[in-house]
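Below is one structure; the comments refer to it alone.
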Amino acid sequence: MFIDSHAHIDTSRFDEDREETLEAAFDGGVTRIIDPGCDLASSQAAVALAKAYPGRVYAGVGVHPHDASTYSTEVRSQLRALTEEAEVVAIGEFGLDYFRMLTPREVQRAVFSAHLELAYECNLPCIIHVRDAHDDVMELLRSYGRGLRGVFHCFSGDVAQAKECLGFEGFVLSFAGPLTKQGNALPEVARMTPLDRILIETDSPYLVPKPLRVRRNEPLFVKHVAEKLAEIRGMSLEEIAQITTANTVRVFGLGEKYEAV
Ligand SMILES: [Zn+2]
């Protein structure tokens, strides 16, 4: 029924029960999961996982802004080689994070632009992480990202920022656990975003949605995000499932690479 468009199930927090977690998600109506890499090693792990669950788990390859200082020409060529795999459906996640600022701003910007170039070269959608860096992301996309497509994952901005993001025609907004919480503009954003530009995700193991009281998020819980979205849009859960699934399949071309192989 649902696709979790963003879950880091390759990370060590699932080492003890990765298989069970995935089976619980599949049994609970999550048909597909996209696992985006955060550095070279996790990109490789995401691809391996996707190969173990063909047609159910897909991978993105990229370097997260927190790890941007690990990016190099060698990493680039290895990521490029990974994109040849049928399971790789996106470049990412990459982006700018000025909240934690674990890597200097100029390094983050350079690595961001390098990922845009890679996305052009491979004709793949982008999975973009933005935190306290909206203006710079907009500037870099305008300069180097024209015509690209992808997702602003775990969108966390306000209505004005959402409108600016939606100004990039090939891009959609993805909502995660924060949509279920109080004190942000996300319900308003989710209300105004065109239905064909919305995805849902968990960002597992992070961002546990309400009302759950667990320490670790997992793909099964994407339905809580879907439920909140259905409530906000005044639609049924089935409609939301259908629409967000179709959007995710379209943005990432899920299945296309398999058919071509
Ligand atoms: Zn993520």
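Remember, it's 1-based here, ligands and their atoms both numbered in the order they're listed. Numbering starts at 1 and runs along the sequence shown.
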Which atom, among the N/O/S set of His8, is closest to the Zn ion (ligand 1)?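 Atom name returned: NE2.
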Please name the atom of His6, restricted to N, O or S, that is closest to the Zn ion (ligand 1). NE2
Any donor and acceptor pair, going by atom type alone, linking the side chain of Ser5 with main-chain N or O of Ile200 inside 3.5 Å? yes
So do Leu82 and Gln44 actually touch side chain to side chain, heavy atoms under 4.5 Å? yes
Ile3 vs Phe252 side-chain heavy atoms within contact, under 4.5 Å: no
Are Arg76 and Tyr71 in a cation-pi setup, meaning NZ or CZ lies under 6.0 angstrom from the ring centre and within 45 degrees of the ring axis? no
Rounded to 10 degrees, the angle OE2 of Glu93 makes with OD1 of Asp203 at the Zn ion (ligand 1): 170°
